[in-house]
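As structure tokens, the structure follows; a few thoughts come after it.
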Amino acid sequence: MNLKIWRMAWPPMVANITTPLLGLVDTAVVGHLGTAVHLGAVAIGASIFSFLFWAFGFLRMGSTGLTAQALGREDGRQVRALLLQSITMGVGLGLLLILFQTPIIDLALYFMAPSAELEPWARAYCEARIYSAPAVLAGYALMGWFFGVQYSKGPLWMLLVINIANMVLDYVAVYQWDMASVGVAWATVASHYLGVMVALFFAAKQLRRFDGHVPLIDLSKWRTYIELIQVNRYLFVRTILLLTVMSFFTAQGARLGDSVLAANAVLLTFLMIISNALDGFAFSVEALCGESLGRKQKALFQKVIRLSTYWALLAAVLLMLIFSAFGGMIIDLLTNVESVRADAKLYLPWLIAFPLLGIWSYMLDGIFIGTTSVKQMQNTMIASVLGIFFPLWFVTQGFGNHGLWFSMAVFFVARAITLWWCYRRNMKAGVWFDAS
């Protein structure tokens, strides 16, 4: 089982490492333009699209759990149907975002409240980046399906193409074509379409594993999407709440000054590294727990959780050691603006602690996604955001950015505690398997 977990975990871990590397390149490319304005514009624009696109993150999470369970039941037709339905939903929603881009961008910038100097650059970034929407959302669907059928090399190749292409295009657009932060946005758009084309190629190869036929006419029938919609409505609310916290965090950093905003953008790259590294094990939990639930094998379900968490904990400790030893050097590589360097190093201890604080919520998310127990995910997120994060932020405003980071840290712990309580209750009550 350890070998199977690693076969599932290492491809997304490798791919995910390139994602924060992309963030590092984005940050480094604009961070060396000699001003914090472009770095802040990318931070605000990226935060907006993290919120906007991951509001539709259910296209990945819902697809993974349902596909994994269909795989466990050996239902090849449903495995095929879920791929086609998820991609169709992703492309359709992406086109709607492009259609309504003006009010979306206006509203997003209103809430982010960038400074007068930052606003034009942030708007230009958004007006370019929105055109990646169909590719990004279709990519979510493909990624979720790949994890569900336990072909984790699919997301690896897709993300490698996206991120390597983006790094190259970043450099060309900013330094060769003198496009500054807008060039970063267009590089991202082009790279996502390249990545989706690669993913579709690998998905077509994987479909040969499964029997069954899905008539294309079924894709136009609303009733065929009911199962996805029932799962995804709770994931949608849960994701909106999570991204509200992340966007609020960036917005509050902006209100503390452009230097603090830029420093937080640098440190959030560290948080991306943490999340993406540990998510490799969370993805294996999603797929393997979903399959074991489909097969009704409780012992295998518990073994997957125990072993995956063990390996994830070791990874978290390793990340803490790396950040402790090399965090300051990484910050210096990301920006040459001295005020940003100083602020980032001041708040670096928070990021050193985050791997150990965050691992538990990542792994529990994997369990609940794999079992599609998504209503509980929604409810625990509501409790953690409204009952913990915002009240803590309110009472710690006097501590400035330290108060903001403290609120984020406790929020991660609260997510883990509430999900653990639900997990224990579900196992005792026989929600997933016979009660024990």
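Computed from a predicted structure; not experimentally measured.
The side-chain heavy atoms of Cys126 and Ile48, taken from C-beta on, include a pair separated by under 4.5 Å. Side chains of Met427 and Gln302 form a contact here, defined as non-hydrogen atoms less than 4.5 Å apart. Looking at heavy atoms from C-beta onward, Arg60 lies in side-chain contact with Ile369 at the 4.5 angstrom threshold. The closest side-chain heavy-atom distance from Trp405 to Phe354 is below 4.5 Å. The closest side-chain heavy-atom distance from Arg415 to Asp365 is below 4.5 Å. Taking the side chain as every heavy atom from C-beta outward, Ser86 and Trp145 never approach each other to under 4.5 Å. Put simply, the side chain of Asn264 reaches to within 4.5 Å of the side chain of Phe249, judged on heavy atoms. Residues Tyr362 and Phe281 fail the side-chain proximity criterion, which asks for heavy atoms closer than 4.5 Å.
Gln376 and Asn426 share a side-chain donor-acceptor pair at under 3.5 Å. Gln150 and Glu291 share a donor-acceptor pair across their side chains, judged by distance under 3.5 Å alone.
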Quiz: residues 194-210 side-chain donor-acceptor pairs under 3.5 angstrom, not counting sequence neighbours:
unit_1: Gln206; atom_1: OE1; unit_2: Arg209; atom_2: NH1; d: 2.6
unit_1: Arg209; atom_1: NH1; unit_2: Val149; atom_2: O; d: 3.2
unit_1: Arg209; atom_1: NH2; unit_2: Val149; atom_2: O; d: 3.3

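The aromatic ring centroids of Phe301 and Phe433 lie less than 6.0 Å from each other. The six-membered or imidazole ring of Phe248 lies near that of Phe390, with a centre-to-centre distance under 6.0 Å.
Rounding to the nearest 0.5 Å places CZ of Phe270 at 15.5 Å from OH of Tyr347. Atom-to-atom distance recorded for Leu242:CG and Gln378:CD is 13.5 Å, nearest 0.5 angstrom. One finds the CG atom of Leu278 at 10.0 Å from the CG atom of Leu356 (value rounded to the nearest 0.5 Å). The distance from atom CG of Leu351 to atom CG of Leu319, rounded to the nearest 0.5 Å, is 11.0 Å. Going from atom OG of Ser132 over to atom CG of Asn166 covers 10.0 Å, rounded to the nearest 0.5 Å. To the nearest 0.5 angstrom, Met329 atom CE is 11.5 Å from Ile331 atom CD1.
Environment of CG in Asp211: sparse, with no more than 12 heavy atoms of neighbouring residues, nucleotides or ligands closer than 6.0 Å. Under a cut-off of 6.0 angstrom, the local environment of CZ in Phe323 is crowded, with over 12 non-hydrogen atoms contributed by other residues, nucleotides or ligands.
With Asn163 contributing its side chain and Leu159 its backbone, the two residues share a donor-acceptor pair below 3.5 Å. Although no hydrogens or angles enter the test, the distance criterion places a donor-acceptor pair under 3.5 Å between the side chain of Thr380 and the main chain of Met377. Looking at Thr244, its side chain does come within 3.5 Å of a backbone N or O of Ile240 through a donor-acceptor pair. A donor-acceptor pair under 3.5 Å is formed between the side chain of Ser407 and the backbone N or O of Trp393.
In this pair, Trp432 and Tyr423 present their aromatic rings tilted. The plane angle is within the 30 to 60° band.
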* To do: Tell me, with the steps shown, if Trp360 and Phe412 meet ring-ring contact (aromatic ring centres under 6.0 Å, His included).
  => CA-CA 9 Å; Trp360 315 109; Phe412 271 73; over 10 Å; no
* Asked: Would Tyr125 and Phe49 count as a side-chain contact (heavy atoms from CB on, under 4.5 Å) if you check the C-alpha gap in whole Å, the side-chain angles of each, and the deciding distance to 0.1 Å?
  -> CA-CA 10 Å; Tyr125 178 98; Phe49 282 95; 4.3 Å; yes
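A cation-pi contact, defined as under 6.0 Å to the ring centre and within 45° of the axis, is absent between Arg233 and Phe236.
In summary, Arg80 and Asp75 do not engage in a salt bridge, as defined by a charged side-chain N under 4.0 Å from a carboxylate O.
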